[in-house]
Amino acid sequence: MERFLIPGQKKRSCTSDALTRSPRKKIKLEKDERMKEEKDEVDEDSALAEFSHPVPWQKIEAEGLDCDYALLFAKEEADQLFKQLENEVVYSTGEEAKVQVFGKVYSIPRKQATYGDAGLTYTYSGVTRSACPWTPTLESIRDAVTKTTGQTFNFVLVNRYKDGQDHMGEHRDDEKELDPLCPIASVSLGAARDFIFRHRDARGKHSCRQIEPVKLELAHGSLLLMNPPTNTFWYHSLPVRKKVLLPRINLTFRRIVLASKK
DNA sequence: ACAGCTACAAGGAG
DNA sequence: TCTCCTTGTAGCTG
């Protein structure tokens with residue numbers, strides 16, 4: 001099955017904060033950016049002007065970064081899915097929800113759960129646990145992602161951020177057990193949150209290069225595909241946003257290669 | 001005042 | 001042996 005990406009979309013630099021703003025502002029800023037760009041280069045998109053319908057997929061590209069973003073679920077459907085997940089998903093508690101950092105033990109600043117095919121395991125911060133069996137809602141979302149992308153997944157990591165205080169630090173999803181050719185599909189439900197990519201060579205005090213971060217806002221019902229080699233070169237994070245008061249559930253579907261062969 | 005960002009704090013895993 | 005990962009917080013900026 002092929003992917004239903006619309007080819008030849010406008011190539012965005014995505015180096016500004018434009019995508020993190022409200023939709024109305026976003027349109028205005030995109031126009032401004034486009035005008036700036038047109039001073040420097042020929043408009044590659046004139047042939048696309050005739051497409052009057054909304055473009056479902058947005059290509060997000062930078063050096064070594066390749067993502068596709070789209071609204072997968074309309075609001076009503078996304079609302080329903082969020083409610084169902086709130087009832088179905090059972091999150092790790094107690095010791096399983098703790099992590100040791102710099103000698104101190106903390107509760108992770110979010111809730112986590114892992115679901116997938118029988119026998120699959122997931123290692124987080126040195127602790128390995130096995131996936132729970134798929135729930136009906138997780139299965140149906142997984143199938144919707146597969147229909148849209150043509151990719152199959154055998155595992156999902158569920159992260160629940162109760163409000164803007166809950167967050168996730170900068171990291172890559174480059175575990176060895178992940179299929180390096182399979183994109184990671186990230187479905188967002190609930191409160192919209194900022195999502196930030198940073199190139200590995202542009203991090204820290206002695207960063208050798210100055211590469212602008214790529215900032216997105218992940219909307220209710222959205223799907224973000226992180227294609228290879230994005231996770232080799234780019235770290236991502238979900239930063240604290242104190243103004244966000246409502247919960248968000250994120251599902252990252254992955255394909256884990258079976259570690260042991262018979 | 002405060003949201004947002006960076007640097008940095010140890011020790012274990014691979 | 002070396003590199004990378006984990007989060008909270010001090011300190012700075014706008």
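Just so we're clear, the structure is a prediction, and the values are computed from it rather than from any experiment. Proteins come first, then strands; the chains are lettered A, B, ... in the order of their sequence lines, and each starts at number 1.
- The distance between atom CZ of A/F233 and atom P of C/dC4, rounded to the nearest whole Å, is 14 Å.
- Whole-Å rounding puts the A/E170 CD to B/dT6 C1' distance at 11 Å.
- Comparing B/dA10, B/dC5, C/dG8 by their closest approach to the side chain of A/F102 singles out B/dA10.
- For A/F195 and A/H236, the ring centers sit closer than 6.0 Å to each other.
- Atom CG in A/D194 sits roughly 15 Å away from atom P in B/dA3 (whole-Å rounding).
- Phosphate proximity of C/dC4 to A/H171: absent, as no side-chain N or O sits under 4.0 Å from OP1 or OP2.
- Distance CZ (A/R203) to C1' (C/dC4): 9 Å, rounded to an integer number of Å.
- Separation of the A/F253 and A/F155 ring centroids does not fall under the 6.0 Å cut-off.
- Look at A/R172 and you'll find a side-chain N or O under 4.0 angstrom from OP1 or OP2 of C/dC5.
- Between the C1' atom of C/dT6 and the CD atom of A/E96 lies a distance of 17 Å, rounded to the nearest Å.
- Residue A/K243 is in sugar-phosphate contact alone, with no base atom involved, counting any heavy-atom pair closer than 4.0 Å across all strands shown.
- Within 4.0 Å of A/R110, counting heavy atoms only, lie sugar-phosphate atoms of the nucleic acid but no base atom.
- Spacing between atom CD of A/Q165 and atom C1' of B/dG4 amounts to 12 Å, rounded to whole angstrom units.
- Between A/Y235 and the phosphate of C/dC4, there is no side-chain N or O to OP1/OP2 separation shorter than 4.0 Å.
- Nucleotide B/dG4 holds its P atom 10 Å from the CD1 atom of A/I196, rounded to whole Å.
- Distance, A/R198 CZ to B/dC5 P: 10 Å, rounded to whole Å.
- Positionally, the nearest nucleotide of DNA chain C for A/Q100 lies more toward the 5' end than for the other of A/K104 and A/Q100.
- A donor atom on one side chain and an acceptor atom on the other are not found under 3.5 Å apart for A/D173 and A/T252.
- Between A/D79 and A/K83 there is no salt bridge, since no side-chain N of the basic residue sits under 4.0 Å from a carboxylate O of the acidic one.
- A/S188 and A/R248 are linked by a side-chain donor-acceptor pair at a separation below 3.5 angstrom, with hydrogens and angles left out of the test.
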